[in-house]
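Each chain gets a letter, A, B and so on, in the order the sequences are listed, and its residues count up from 1.
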Amino acid sequence: MSNRRVKTVGYDDGDLDYDDAYEEEFDEGQEEVSAEDKEQLRLGTIEVRQSLGPAYQATDQEIHDKLWDTYYDIAKTVSYIKNKHKSKSTPAKPAQPIHLPPISVKDFFADCPWGQVPQHRKVDILVEPIHRSRGLLGGASKDGKMSKLAALAAKRRQKENANPATPSKSKDEGPQDEYAASLSKLTLSNDKPGGRTQKTIGTEGDDPMSDAAAIEPKAGSELNGTGAKRDLEDEPIVERTKPSAFAGTFLDTVTSDPSATIDSSIIGNASSMFDFKDPSPDDIVYRAQTGRTPAKTTTPQKRQQKAPPKANVTNGVQNLSISDPPKIKSKNIDVLGEYKKVKHKNAANFVVIGHVDAGKSTLMGRLLFDLEAIDQRTMDRYKKEAENIGKGSFAFAWVLDQGSEERERGVTIDIAMNKFDTDKTSFTILDAPGHQDFVPNMIAGASQADFAVLVIDASPGNFESGLRGQTKEHALLAKSIGVQRLIVAVNKMDMVNWSQDRFEDIKTQMSSFLKATRFNLESTAFIPCSGLQGDNILQPVTNPAASWYKSGQTLVQALDSYEPTAHNLDRPLRMTVGDVFRGGVQNSLSISGRIEAGSLQVGDQILVQPSSEKATIRALDLDNDDGDEIREWAVAGQNVILHLNDIDPIHLRSGDVVCAPGKDQIQNTTDFAAQILSFAHLTPMNVDIHRGRLHVPGRISQLVGILDKKTADVIRKKPKIVKPEEVVRVAIELERGVPIEAGGRIVLRSQGETVGAGIVE
Amino acid sequence: MRLVKRNINSDGSGAVTLCPEEPEDMWHAYNLVLIGDFLTASAVRRVTNESSTTGSTSSQRVHTNLSIKVKSLDFDPQAGQLHVSGQIARENKYAKIGQHHTLDLELNRNFTIDKVVEGKDGGAGWDSVAQAQLMEAVDPNKSTEAVAVVMQEGLGNICFLTSHQTILRQRVEASVPRKRTGAGRSADHDKGLQKFYSTVLDTLLRQLEVLLENKDSSASFPILLASPGFVAQGFLKYVNETAANRGEKLLQDLVKRKAFIVVHSSSGHLHSLNEVLNSPEVRARLQNTQYARETAVMDDFFALLRKDDGRAWYGPREVEQAVDKGAVGRGGGVLLVNNDLFRSQDVATRRRWVMLVDRVRDVEGGEVRILSSDHESGKRLEGLGGIAAILTFPIEEMDDVEGSEDEQAKDDT
């Protein structure tokens, strides 16, 4: 580019010697012509000649040249050559004595009717070259070399022409020069072999040319001046007239003169090219760099150079700066106030727990299907796919078991979240895995739940084995994590033919167990149902064998009787990260979880522990939401997806805790004391410590003392071993610092078994 | 470790010259060298000469044998390096007595440990435990080594098991997106899991290359893959697929000789290694290795402890009392001691445990197991105060429990 520019300046020196410049350009061009290009040129020439017909006698070189310029665009070349030859063929008009004062373009065009510009004039101003001139104007390089040359050229030309018309204008030498310079930039473009705007004027005769030269300064200066003027408002503006109509064609500014409404076909192109309405990006950059208004220091000359280059390369820069997302600012919403204002539907999370293969996922899949949260078509697809791999009975479970491995193995591995609405409440299901290996995931789910649905397999033998297994462990865990209310869904009643005896038997056994676990039996409902058949879930059971349960609650009714619990809205923000993922195209990093305490809003800065990295909330979604509405805030108890800015994903893990930076932030700790209810024998030993999703290795370093269950007084100091069902104060050491604070509920596991659960002191 | 020269007097004093041959020997050296011993090894020392006339100095590095009186030891288990610092005890032309120097023991370079009896600091010389450790160190029968990858979704611990150490070589952490409801979103999880597998495999191969560096290619060692759920199976599947696709020789060899064993563990944390080593699959393959034995004995102990019938006791005072009562004797009495206790800086403390060990073994006729503190089982024992005992008869209540606790508290402070 720069090479070429310098070169063209050279032509300018040669004072519009068209042929010279032409030759040179062509020679230059030829050097670059490769064999393929030559071939293409040859073919192109033939085509052009054909379409031109004999009427136009264009030389091969002209055609070649144009083809080269237009990248072998035959049509353009043809039209160009036609135009050129036509204008040539038009007898050169004797210089119309527009002698004095050729001050404005408006005057220049005074004799031609607007809208009906004579053909040759139209052609003269026309079209494409604007591309070129833009490139050339844009080429005004920062070093100013070119402008000097250009200025020199302009000066020389002035001398040679010795035009008596111009001097009247020049009030001082400086501006005069720049005008000339800017003019030269404009005329420069004409020198290109492809360019022909004013050049044609030039070739027509000296006088019009000099007129044009004399006129142009106005337009040119205006052209550049306006650009500059806009950014540099405090600049001492050189006296100048209003933009001329001609300049208007470049500037697209509406002049007061109605005659200025030029044939839009002419302007159309130009105006879009030369939109000088905004400060040029260079100016923006420059101003940012210097940090002050450049007007005071830069000479007008420099400014004039600055303005034109905006056109092309720098547009990219501008685009860049535009695409930079604006810094998200917190709107400082009074979240709690807003929350109280809005009337809410009750929202509740419940975790579905129970022994492996009790039918948790299937029951919930059926529930979602009955409530039409899943459409028939999706369900049919699941059915078909499940049957294809010979697991037809798993179709409903597939609603929740979305993972490929889960489907393959027919077992839930991780918590599945799904939501549905009843008339009264909007529920979020947390479908927990029943398998022993995935108890950590179940703990994560239960820690987000308001209440639990304990699913029990009523079929013979399975209930008993479940009671020894995860039915018991899950119930214990749910209770120790803080789930107060329980709904016991006695599933697979169809397998025992809705036997009332079986149901009552299970009810009795479970009641005694739950009582021992200190669940409130009064708030515990026992619902017989069948997930696979869909009995007594939404619709009451139709099976005649179940007539004894005619008046009983269905599962959905039992769910609906939930009374919302209050959340810690006023406390400092706490949220355990459940998942870190890429939340779509626009959100490169998102986290999800349930806000445990406090509130947050878009624009808030959050602190992620244990990495102690800060991030900004770019946007947030509520899980209970259909996503139509743009959410600005969220409060405790809601399931949210936060889209984050300004943080690297390596600092985020599921299990991390999000809080607000400041004095209330959660601290990382490596050792703490806790009151633990033991489920197995405890000695000083290695344990896994679970807190929601958080799951870290540690060890019980000391058994401080066994406590009285009611008064919490120390009964025995430093026991050697703690038996099950005892409350003990222990000291726990962790390998690495993790965010655990007093009052947090933790679960201790060892060798795949839950050995204790309790509260951090 | 090769025994070059052994010169131990009947009173326990004397010198032993050893030549370490592999990194694990450093661990033995770490256990053999005690504070107060004299250690002689080749050293590189920077010597500064001052010109007597002009006062200008010039310094150069010289190779020389130095003897130091050990003041402190620094063992880096991951790199297998032992740095011993102390004061120079024997003067030579480069170093004066009393100057400080840190010896870095190097493989295949002899070093000499000289222990004195009843010196100024009351050294114990080569006592029974030290002699046993020496025997163990120079035992040419190396037990099988193994590599274990204990993993769960998003977390992998790659460790090497040698007969005396468990070395955590590398921890791999990756964030695997959870499954989420919605079309196509399970792909995120699968993709994350695949990426996690590939990271673990690459890391594992890199570590294996290090392991195989100074071994003949015939070395066969199992690679244990342990995880809860299906992560280990998934990983093995990935390994097999990758071996078929990638054509890496090391990997293909491993697959061909079925080096990978999938074992269940309840979590991906390192302490789950206990479960791994205790699983039937591993026991079948690695029986009679020291770490398997150690793990088994600790499990026995915990099983007894859980029974709470008074036959399992832990803690220094309790065990000493039990020994005094003759409960750790013939017919099932087992004393479990963490070798950490013998590394004590205080000579008296070491002597106390050595005497206890000697007494149980020689007088009471019980079994003594010295567990490596660098194995997971040793770490479990460490949590119990470093010492425990399985008794021949139950002792329901220790005398003076409160008193002993108070003393313990004093000990702690």
Side-chain angles (χ1 to χ4, degrees), chain A residues 378 399-409 411 413-419 433 435-441 444 578-582 592 649-650 652-654 680-681 683-688 693 695-702 716-718 720-721 723 733 735 749-753, chain B residues 152-155 157 173-190 192-193 227-231 233-234 264-272 274-275 278 299 301-302 305-308 312-315 318 376 379-380 382-385 398 401-402 404-405 408-409:
Chain A
T378 318
V399 174
L400 294 128
D401 292 353
Q402 300 265 346
S404 50
E405 192 154 46
E406 292 182 331
R407 292 187 173 179
E408 209 173 289
R409 298 180 190 272
V411 71
I413 292 174
D414 205 348
I415 290 281
M417 278 177 87
N418 244 307
K419 51 183 192 282
H435 192 282
Q436 193 181 0
D437 275 358
F438 309 121
V439 170
N441 294 337
D579 190 9
V580 182
F581 56 97
R582 192 186 160 85
S592 66
I650 58 166
L652 285 163
R653 294 254 179 286
S654 55
H681 285 89
T683 56
M685 60 186 187
N686 292 325
V687 284
D688 292 350
R693 267 289 181 205
H695 173 197
V696 289
R699 75 189 178 97
I700 300 177
S701 57
Q702 203 179 21
R716 193 149 61 87
K717 274 187 190 170
K718 296 193 176 174
K720 286 281 136 187
I721 186 160
K723 290 179 195 146
E733 277 176 16
E735 280 173 17
R749 304 191 84 231
S750 174
Q751 318 242 341
E753 281 168 30
Chain B
Q152 68 189 31
E153 216 171 274
L155 172 70
N157 288 296
E173 268 187 287
S175 186
V176 180
R178 305 272 170 184
K179 76 164 180 185
R180 296 172 64 223
T181 44
R185 273 169 177 173
S186 67
D188 273 1
H189 174 257
D190 292 355
L193 204 56
S227 82
F230 313 111
V231 181
Q233 281 104 311
H264 179 268
S265 74
S266 63
S267 81
H269 300 303
L270 194 58
H271 60 231
S272 300
N274 281 318
E275 289 170 56
N278 227 356
D299 276 355
F301 174 78
F302 273 102
L305 195 59
R306 234 167 265 141
K307 274 190 200 156
D308 203 20
W313 284 92
Y314 65 89
E318 289 76 4
E376 283 305 307
K379 293 222 175 81
R380 280 160 92 187
E382 202 180 313
L384 299 175
M398 283 291 170
V401 172
E402 291 297 318
S404 78
E405 272 173 17
Q408 244 181 297

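At a 4.5 Å heavy-atom cutoff, A:Ile700 makes no contact with chain B through either its backbone or its side chain. Looking at A:Arg693, the atoms closer than 4.5 Å to chain B (heavy atoms on both sides) all sit in the side chain, from C-beta outward. Interface remark: A:Val687 contributes backbone atoms only to the contact with chain B (heavy atom separation under 4.5 Å). Using a 4.5 Å cut-off between heavy atoms, B:Gln152 contacts chain A through its side chain alone, with no backbone atom that close. Interface remark: A:Ile650 contributes no atoms to any contact with chain B (heavy atom separation under 4.5 Å). With a 4.5 angstrom heavy-atom cutoff, B:Tyr314 touches chain A via backbone and side-chain atoms both. Residue A:Glu753: no heavy atom, backbone or side chain, is found under 4.5 Å from chain B. Proximity to chain A (any heavy atom under 4.5 Å) is shown, for B:Ser175, by both the backbone and the side chain. Using a 4.5 Å cut-off between heavy atoms, A:Asn441 touches chain B through its side chain atoms alone.
When all heavy atoms are compared, the tightest approach of B:Arg178 to A:Gly578 is CG-O, 3.6 Å. Closest approach of A:Pro684 to B:Gly383, counting heavy atoms only: CB-O, 3.3 Å. Annotation for B:Gly315 and A:Lys720: closest pair CA-NZ, 4.4 Å, computed over non-hydrogen atoms. Among all heavy-atom pairs drawn from B:Val176 and A:Asp579, the shortest one is O-OD1, 4.4 Å.
When each of B:Ser267, B:Gly192, B:Gly268 is checked for heavy-atom pairs under 4.5 Å with chain A, B:Ser267 comes out on top. Counting heavy-atom pairs closer than 4.5 Å to chain B, the top-ranked of the candidates A:Val580, A:Thr378, A:Leu652, A:Val411 is A:Val580. Options A:His435, A:Arg409, A:Gln436, A:Met685 differ in how many heavy-atom pairs under 4.5 Å they form with chain B, and the most are formed by A:Arg409.
Annotation: the span from A:Glu405 atom CD to B:Gln233 atom CD amounts to 8.0 Å, rounded to 0.5 Å. For the atom pair A:Ile413 CD1 and B:Glu153 CD, the distance stands at 7.5 Å (nearest 0.5 Å). A:Asp688 CG to B:His271 NE2: the interatomic distance, rounded to the nearest 0.5 Å, is 3.5 Å. Rounding to the nearest 0.5 Å places CZ of B:Phe230 at 9.5 Å from CD of A:Glu408. B:Leu155 CG to A:Arg653 CZ: the interatomic distance, rounded to the nearest 0.5 Å, is 9.0 Å. The CG atom of B:Leu305 sits 5.5 Å away from atom OG1 of A:Thr683, with the distance rounded to the nearest 0.5 Å.
The shortest distance between side-chain heavy atoms of A:Gln402 and B:His189 does not fall below 4.5 Å.
In this structure a side-chain-to-backbone donor-acceptor pair under 3.5 Å is present from A:Asp437 to B:Gly229.
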